[in-house]
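First comes the structure, then the notes that go with it.
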Number of protein chains: 2
Amino acid sequence: MSLYSAPPSTRERIVVCAARLIQRQGYVGTGIKQIAQEAQATLGSVYHFFPGGKETVAVAAIKHGEKEFAWLLKDALRREDDPAAAVESCAAELAVGLRESGWLDGCPITAAALETLGTDSEMQRACADALQRWEGVVEEKLLASGFTAEDAAEVATTVISTLEGAEVTAQVRRSEEPLRAAGRQLARLLRTYEA
Amino acid sequence: MSLYSAPPSTRERIVVCAARLIQRQGYVGTGIKQIAQEAQATLGSVYHFFPGGKETVAVAAIKHGEKEFAWLLKDALRREDDPAAAVESCAAELAVGLRESGWLDGCPITAAALETLGTDSEMQRACADALQRWEGVVEEKLLASGFTAEDAAEVATTVISTLEGAEVTAQVRRSEEPLRAAGRQLARLLRTYEA
DNA sequence: CACTGGATAGAGCGTTCGTTCTAGTGCTGT
DNA sequence: ACAGCACTAGAACGAACGCTCTATCCAGTG
């Protein structure tokens with residue numbers, strides 16, 4: 001993942017564009033041809049790098065989105081020592097990012113996850129993995145702050161769920177407020193576990 | 001909305017089926033022909049009742065889902081006096097319903113809402129209205145329980161967001177646990193506002 | 001009984017979908 | 001120089017999409 005050293009490879013461009021398109025339009029709503037066009041690649045290139053077709057591209061895109069969001073999460077949580085303040089500032093950061101994208105770039109996997117619920121596909125598994133991993137990031141922070149194992153697990157699940165839901169609400173309402181409110185309330189909740 | 005008296009009209013069947021299909025597969029993922037087939041209607045009937053085409057059907061379906069979920073919410077909240085217990089039992093009820101549907105029937109509008117984010121469509125407005133109305137139901141309960149106006153509004157927003165997110169998480173993970181956890185944590189949060 | 005208008009029925013339109021296929025390009029190692 | 005390979009390029013296929021169209025059915029009315 002060379003960020004600045006080399007220009008992104010064709011494969012990278014495809015994955016990144018697919019991730020953004022799926023994030024915004026969902027899996028069914030995003031066409032292979034649209035991905036190719038947006039990534040400045042041809043259809044042939046897409047099928048060259050992803051012989052498995054659309055679903056293979058989507059799985060790679062989901063995993064990319066998972067890593068990207070995990071970084072954002074880790075980074076935001078590390079900046080504050082107090083977990084309550086950390087979660088609140090994390091929500092604030094999400095709110096700003098959301099507004100700056102015109103309320104379009106929310107959770108990178110929710111849309112795709114909802115579309116592949118009934119299936120036994122690899123996409124479904126990738127989405128479940130993503131959620132679990134994000135919860136792990138929060139759980140780790142809570143454990144480091146003195147939470148018991150059970151509390152940390154349950155609270156981490158709730159934090160991710162709430163951020164997830166608040167992000168959707170903020171997108172639909174085109175307002176930072178739901179995310180800000182969720183941040184404040186989560187902070188309040190976390191503080192009830194102190195000492 | 002005659003529930004038992006008369007057999008559902010063709011129009012009703014179309015709306016109900018469209019609502020369930022959109023809930024499960026999203027807007028783009030659901031075809032007009034599939035709606036017609038599932039509702040035991042013909043394509044001609046669908047376009048007869050909804051000359052506006054697919055989007056008109058979807059808007060009706062979203063509004064139907066909004067009402068249905070609002071009923072469920074009101075009913076669950078009314079059964080308990082304490083708002084904390086009420087919200088927790090509400091989450092539990094959602095968890096049971098989710099499992100019984102094979103983790104398919106989650107929030108009736110989330111999938112559609114995420115697909116119509118960028119647009120200025122009537123669907124987008126219908127989805128925003130739905131969220132707002134559900135928040136209103138919770139807010140009313142909180143106000144009746146002695147919350148201040150500001151607290152009630154912010155907490156209601158967070159409750160809906162959290163339930164929304166926890167439902168998605170529960171669906172993706174195919175487990176009641178995320179919803180149960182969210183219920184317990186929301187109850188804990190609400191109790192911090194007592195006296 | 002003829003007629004009217006709501007409701008039903010489905011063939012078929014143009015378009016776009018995911019995918020496959022063949023052909024061509026540019027770089028690398030020998 | 002040339003073979004070999006990774007990659008690019010886009011035409012073409014069958015299927016499915018949303019939608020339009022005409023035809024038919026049937027209860028209610030004069």
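Please read all numbers here as calculations on a predicted model, not as lab measurements. The chains referred to below are lettered A, B, ... by the order of the sequence lines, with proteins before strands, and numbering in each begins at 1.
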In whole Å, I'd like the distance from the [atom1] atom of [X] to the [atom2] atom of [N].
| X | N | atom1 | atom2 | answer |
| --- | --- | --- | --- | --- |
| B:Lys33 | D:dA15 | NZ | P | 14 Å |
| A:Ile32 | D:dA15 | CD1 | P | 19 Å |
| B:Gln34 | D:dC19 | CD | C1' | 17 Å |

Under 3.5 Å, N/O pairs linking protein and nucleotides 8-11 of chain D:
from	atom 1	to	atom 2	distance (Å)
D:dT8	OP1	A:Thr10	OG1	2.6
D:dT8	OP2	A:Ser45	OG	3.0
D:dT8	O5'	A:Ser45	OG	3.4

Looking at [Y] and [X], is any side-chain nitrogen of the basic one under 4.0 Å from a carboxylate oxygen of the acidic one?
| X | Y | result |
| --- | --- | --- |
| A:Glu115 | B:Arg24 | no |
| B:Glu38 | B:Arg20 | yes |
| B:Asp75 | B:Arg79 | yes |
| B:Arg184 | B:Glu88 | no |

Checklist entry - So among B:Arg188, B:Arg191, B:Gln185, which one has a side-chain hydrogen bond (donor to acceptor under 3.5 Å, both in side chains) with A:Thr192? => result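 With A:Thr192 as partner, B:Arg188, B:Arg191, B:Gln185 yield a single side-chain hydrogen bond (donor to acceptor under 3.5 Å, both in side chains), made by B:Arg188.
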
Checklist entry - At their closest point, which heavy atom of B:Ile62 faces which heavy atom of B:Ile109, and how far apart are they? => result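 Smallest heavy-atom distance, with atoms named: CG2-CG2, 3.9 Å.
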
Next on the checklist: Ring of A:Tyr27, cation from A:Lys54 - is the NZ or CZ under 6.0 Å from the centre and inside 45° of the axis?
Outcome noted: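 Relative to the ring axis of A:Tyr27, which defines the angle, A:Lys54 lies inside both limits.
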
If you look only at distance, which donor and acceptor atoms sit under 3.5 Å apart when one is on a side chain in residues 39-46 of chain A and the other is two or more places apart or in another chain?
from	atom 1	to	atom 2	distance (Å)
A:Thr42	OG1	A:Ser45	N	3.4
A:Thr42	OG1	A:Ser45	OG	3.2

Next on the checklist: Going 5' to 3' along DNA chain C, between which two nucleotides do contacts with chain A fall, using a heavy-atom cut-off of 4.0 Å?
Outcome noted: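 Contacts span C:dC17 to C:dT20, reading 5' to 3'.
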
